[in-house]
Amino acid sequence: MLSERNRQLIRALSEGRACSGNELAERLGISRAGVWKAVRQLQALGMEIHAVPGVGYRLEHPIELLEAEAIQGGLTGEAAARLRDLHIHAVVESTNTSLRDAARTGAASGSLCLAEMQTSGRGRLGRRWQSPFAGNVYMSLLWHFSSPALLEGLSLAIGALLVRVLRAAGAEGAALKWPNDIQWNERKLGGVLIELSGEINGQCAVIVGIGLNCFIPSRSMAEIDQPAAALHQIRAIRGFSRNRLVADLLNALLPALADYETEGLAAYLEEWQSYHAYHGRAVRLERGGDVIEGTIAGVTASGMLLLDGQDGVRREFSSGDIRLRAAVP
Ligand code: BTN
């Protein structure tokens, strides 16, 4: 939980200028020592606050904290009606894990968990998802489905919706890499991790976890194991708001989840293909220890990857990691 005092401090420092310890003490109604202590707490979370001698404290990059009211204010009537609990955590292990625990104790479809920072953010294939404080979107949505069979292709549909929202927000170059990596200029901008939390009363609870890079400090960028991109690098959407982006995502995702049991991937397949940056390209598909080379021929109706092998045989794959052949050293 981020204390109200620390939230006020972040807001003051996000006005874009250096603030003296005296000014901050006055605005926050605390002592200068209290300001120093709060600054240290925020620095411990990874915030880049500099103390400039004779001037005061300066934040390297302004930060817009996630605010429930701002998100709710940006929702369409339909999304607002479908959204249930909205939890914004300062720091959690993983929003997917929090929501999975909530699902076990009866959380309803439409429950949302957001965090400013994750200490054990998870990615696909058991990877770690770098989750520094207050720079990105880490969100998880819960939805109940009447059968796991109806989930086929859901992760691809979510990927298509994310690209739709990002393009509408100005990131025209946002694209997909099978199965659901969100890319910009062939660098990773975000990803989707869908997890099943088991069946309760015949229903299966599905956690849709979404991570989108909005601003990544250079220190964290260096820790990411592949070329990464962040929305702040995209000129057309500079100055964007994380709260606005979360609302836009919910406006697209909540109605889509509600209709997915009846619509399925079929409603998204054409759109998904149109966003796929790797269609027709020569790639290596890495699956565990195996490497399969071929040319991407599209996806099946259930979202499997179609790969034309060098032996002329077309095969289907349900998992793996694509790398462009030209990019492989
Ligand atoms: C991927 O590897 O491409 C998927 C990344 C998904 C990351 C998000 S961040 C919010 C949610 N909580 C997690 O621990 N993971 C997902």
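If you read the sequence from its start, that first residue is 1, and numbering goes on from there. Whatever order the structure lists them in is the order used to number ligands and atoms, beginning at 1.
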Taking NZ, NE, NH1 and NH2 as the nitrogens, is one of them in [X] or [Y] under 4.0 Å from a carboxylate oxygen of the other?
X      : Y      : result
Arg100 : Glu195 : no
Asp321 : Arg124 : yes
Arg11  : Glu67  : yes

Give the atoms of ligand 1, by number and element, whose distance to some non-hydrogen atom of [X] is under 4.0 Å.
X      : result
Gly121 : 14 (O)
Met139 : 10 (C)
Ser94  : 12 (N), 13 (C), 14 (O)
Gly123 : 1 (C), 2 (O), 4 (C), 5 (C)
Asp181 : 3 (O)

Taking [atom] as the point of reference, which of [options] owns the nearest heavy atom?
atom                    : options                        : value
atom 11 (C) of ligand 1 : Thr95, Val92, Thr119           : Thr95
atom 1 (C) of ligand 1  : Arg100, Arg124, Glu93          : Arg124
atom 15 (N) of ligand 1 : Gln118, Arg122, Gln130, Glu195 : Arg122

With side chain to side chain donor-acceptor pair (under 3.5 Å) as the criterion, how do Ser146 and Glu261 come out once you've worked through the C-alpha distance, each side chain's angles and the decisive distance to 0.1 Å?
CA-CA 8 Å; Ser146 54; Glu261 281 208 9; 3.0 Å; yes

Does atom CD (Gln8) have a neighbourhood of more than 12 heavy atoms from anything else shown, all under 6.0 Å?
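Correct, the count exceeds 12.
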
Can you tell me which residue and heavy atom of the protein come closest to atom 5 (C) of ligand 1, and the distance to 0.1 Å?
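Protein heavy atom with the smallest distance to atom 5 (C) of ligand 1: Trp129 CE3, 3.4 Å.
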
Nearest-contact summary for atom 3 (O) of ligand 1 - protein heavy atom, Å:
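Residue, atom and distance for the closest contact: Lys188 NZ, 2.6 Å.
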
Glu116 (side chain) donor-acceptor with Leu66 (main chain) under 3.5 angstrom
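Yes, because the side chain of Glu116 sits within donor-acceptor range (under 3.5 Å) of the backbone of Leu66.
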
Any donor-acceptor pair under 3.5 Å from Arg187 side chain to Ala228 backbone:
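Answer holds: yes.
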
Which bit of Thr97 gets closer than 4.0 Å to ligand 1, counting heavy atoms only: side chain, backbone, both or neither?
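Looking at Thr97 and ligand 1, no heavy atom falls under 4.0 Å.
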
Hey, is Val192 touching ligand 1 through its side chain, its backbone, both or neither, going by heavy atoms under 4.0 Å?
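Answer for Val192: backbone.
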
Exactly one of Lys177, Arg323, Arg281 should register a salt bridge (Lys or Arg N to Asp or Glu O under 4.0 Å) with Glu186. Which one does?
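The salt bridge (Lys or Arg N to Asp or Glu O under 4.0 Å) with Glu186 is passed solely by Arg281 among Lys177, Arg323, Arg281.
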
Measure the distances from the heavy atoms of Arg127 to every atom of ligand 1 and state whether one is below 4.0 angstrom.
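Outside the 4.0 Å threshold, so no.
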
Looking at the rings of Phe215 and His61, which for Trp means the six-membered one, are their centres under 6.0 Å apart?
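Yes; His61 has its ring centre under 6.0 Å from that of Phe215.
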
